[in-house]
Number of protein chains: 2
Amino acid sequence: MKLIEKEIIAKLRRRGYKLTPQRRAVLNVIAASHEHLTPAAIYERGQQEHPGIGLVTIYRTLEMLAELGVICKVNTEGSSRSYLIRRASGHHHHLICSGCNTVVDFTTCDLGELEQKLSRKTGFKIEGHLLEFIGYCQKCQKVASA
Amino acid sequence: MKLIEKEIIAKLRRRGYKLTPQRRAVLNVIAASHEHLTPAAIYERGQQEHPGIGLVTIYRTLEMLAELGVICKVNTEGSSRSYLIRRASGHHHHLICSGCNTVVDFTTCDLGELEQKLSRKTGFKIEGHLLEFIGYCQKCQKVASA
DNA sequence: TTGGTAAATGAAAATATTTTTCAATTAGCA
DNA sequence: TGCTAATTGAAAAATATTTTCATTTACCAA
């Protein structure tokens, strides 16, 4: 049982949610990963944290955490499963290889100006963003040309 | 049977794909729509273009068209179905409302410089990108504050 | 124009994903 | 410590997507 930020737990409590070992397990798994995880992947890893945890509970917990804003739902490639990542700061930046599905994070990004412009134009209150570049990593470029 | 751009047909032929009435139907449906369409929606509309067309054929045709770059797979919200839109230019820009899941497209975006920088730094061959801003649309802001 | 042939189709079944239902269990308060 | 509403897991239902395979068809060559 690894550390979970107290802040998140407090947030659950404030909303009247109970802190069950299953929820702790899901939180731990997500907090420990630096990548998007599918419900199935979280289920698998969750077994180590809380043997016997059900897939249904994973789905329910993820939905709740997303609603609380603790994690983020991301609509990824891959025959259409919804992945999840934990929120860093409302920003998500990835380079994704179409060949091997490697995900590389990057931090440089200056979208502030665009964000403001869009906000003015559409009336949206923007709270976060996701920027993903899709392409081929060096390794997969070599494989393809071989 | 509406017009389909000759260019697309030529592209199919060049790759050795046959131009069946079913494929024409799918192309027509997609070309006629300005929004993302689910395979199911395309199936439904496709019946008007080619009665009896099978859902399987829709899936297969969409995959092929995506591979050709004629259309684009977009990973949308909504309990995880993969939608399709026709390609503008390898870019996808959305504003997504966390309240009502409305998706608004926008076109302004200048990521060329960042793309180059990342490509140099990581060796990725970048072929497209996805930029999503998450927030609340005007309507949902009003509802929330009411 | 007419075969021949590889590619494409549709139906049905298989697989995968997500949601619902419901009885049993449990976290957290009094 | 006991109560109670919230939570859980199993199974079934609802959705989505892919595979298999026999039949049909687009299109090239003659």
Side-chain angles (χ1 to χ4, degrees), chain A residues 1 4 6 8-27 29 36-44 46-47 49-68 70-71 73-84, chain B residues 1 4 6 8-29 36-44 46-47 49-68 70-71 73-84 101:
Chain A
M1 202 72 69
I4 319 179
K6 281 194 170 182
I8 294 176
I9 295 178
K11 205 178 232 174
L12 288 201
R13 289 257 168 70
R14 231 175 294 132
R15 295 279 208 110
Y17 290 114
K18 293 180 179 173
L19 185 63
T20 63
Q22 289 91 336
R23 287 179 177 167
R24 271 180 188 282
V26 172
L27 274 170
V29 167
H36 304 181
L37 295 175
T38 58
I42 294 167
Y43 174 59
E44 208 177 303
Q47 294 300 332
E49 301 271 337
H50 185 92
I53 189 172
L55 183 54
V56 202
T57 300
I58 306 286
Y59 275 101
R60 283 189 286 227
T61 304
L62 292 175
E63 193 182 343
M64 180 205 71
L65 292 176
E67 191 218 306
L68 286 187
V70 172
I71 61 174
K73 203 180 204 172
V74 173
N75 307 296
T76 60
E77 187 57 40
S79 42
S80 99
R81 275 113 236 176
S82 65
Y83 289 30
L84 280 285
Chain B
M1 201 71 68
I4 319 178
K6 281 195 170 181
I8 294 176
I9 294 179
K11 205 178 233 174
L12 288 202
R13 288 257 167 70
R14 231 176 294 134
R15 295 278 207 111
Y17 290 114
K18 293 181 181 174
L19 185 63
T20 64
Q22 288 91 338
R23 289 178 175 169
R24 272 181 188 280
V26 172
L27 274 170
N28 278 330
V29 167
H36 305 181
L37 295 175
T38 58
I42 294 168
Y43 175 58
E44 208 175 302
Q47 294 299 332
E49 300 271 338
H50 185 92
I53 189 172
L55 183 54
V56 201
T57 300
I58 306 286
Y59 275 101
R60 282 190 286 229
T61 304
L62 291 175
E63 193 182 342
M64 179 205 71
L65 291 176
E67 190 218 307
L68 286 187
V70 171
I71 61 175
K73 204 179 203 174
V74 173
N75 308 297
T76 59
E77 187 57 40
S79 43
S80 101
R81 275 114 238 178
S82 65
Y83 289 30
L84 281 285
N101 289 322

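Note that this is a predicted model, so its numbers are computed, not measured. Hydrogens, waters and symmetry mates are skipped; everything else that's a heavy atom, side chains included, is used. Proteins come first, then strands; the chains are lettered A, B, ... in the order of their sequence lines, and each starts at number 1.
Atom CD in B/Glu63 sits about 18 Å away from atom P in D/dA16, given to the nearest Å. Atom CG of A/Leu27 and atom P of D/dT7 are 14 Å apart (whole Å). Protein atom CD of A/Gln47 is 9 Å distant from nucleotide atom P of D/dG9, rounded to whole Å. Counting to the nearest Å, the P atom of D/dT25 and the CZ atom of B/Arg24 are 16 Å from each other. Taking atom CG of B/Leu12 as the reference point, atom P of D/dC28 lies 13 Å away to the nearest angstrom. The interatomic distance linking A/Leu55 (CG) with D/dT8 (C1') rounds to 13 Å, in whole Å. We find that CZ of B/Arg15 is positioned 18 Å from C1' of C/dA6, with the value rounded to whole Å. Atom pair B/Arg60:CZ and D/dT17:C1' shows a separation of 12 Å (rounding to whole Å applied).
Distance alone, capped at 3.5 Å, is enough to place a donor-acceptor pair between the B/Arg23 side chain and the B/Lys18 backbone. The backbone N or O of A/Thr57 lies less than 3.5 Å from a partner atom in the side chain of A/Thr61, making a donor-acceptor pair. With A/Gln47 contributing its side chain and A/Ile53 its backbone, the two residues share a donor-acceptor pair below 3.5 Å.
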A/Tyr59 vs A/Met64, test: side chain to side chain contact (heavy atoms under 4.5 Å, CB included). Steps then yes/no. CA-CA 9 Å; A/Tyr59 275 101; A/Met64 180 205 71; over 6 Å; no

Steps toward side chain to side chain contact (heavy atoms under 4.5 Å, CB included) verdict (B/Arg24, B/Thr20): CA-CA 6 Å; B/Arg24 272 181 188 280; B/Thr20 64; over 6 Å; no

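DNA chain C is contacted by both B/Thr57 and A/Ala40; B/Thr57 maps to the nucleotide lying nearer its 5′ end (nearest heavy atom per residue). The residue among A/Met64 and A/Val56 whose nearest nucleotide of DNA chain D is located toward the 5' end is A/Met64.
Scanning for side-chain contact (heavy atoms from CB on, under 4.5 Å) contacts around A/Glu44 gives an empty result, with sequence neighbours left out.
Around CD of A/Glu63, the count of heavy atoms belonging to other residues, nucleotides or ligands within 6.0 Å does not exceed 12.
Between A/Tyr59 and C/dT18 there is a side-chain polar atom (N or O) within less than 4.0 angstrom of OP1 or OP2. Within the 4.0 Å cut-off from OP1 or OP2 of C/dA8, at least one side-chain nitrogen or oxygen of B/Arg23 is found.
At its two ends the helix from C/dT1-D/dA30 to C/dA30-D/dT1 runs along axes set 40° apart, each axis drawn from five pairs and the angle rounded to 10°.
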Could you go over nucleotides 26-30 of chain C and give all protein N or O partners under 3.5 Å, atom names and distances?
from: C/dA27; atom 1: N3; to: A/Lys18; atom 2: NZ; distance (Å): 3.1
from: C/dG28; atom 1: OP1; to: A/Arg13; atom 2: NE; distance (Å): 3.3
from: C/dG28; atom 1: OP1; to: A/Arg13; atom 2: NH2; distance (Å): 3.1
from: C/dG28; atom 1: OP1; to: A/Leu19; atom 2: N; distance (Å): 3.0

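Contact detail for A/Leu68 and A/Lys11: the closest heavy-atom pair is O-NZ, 3.8 Å. When all heavy atoms are compared, the tightest approach of B/Gly46 to B/Ala25 is O-CB, 4.5 Å.
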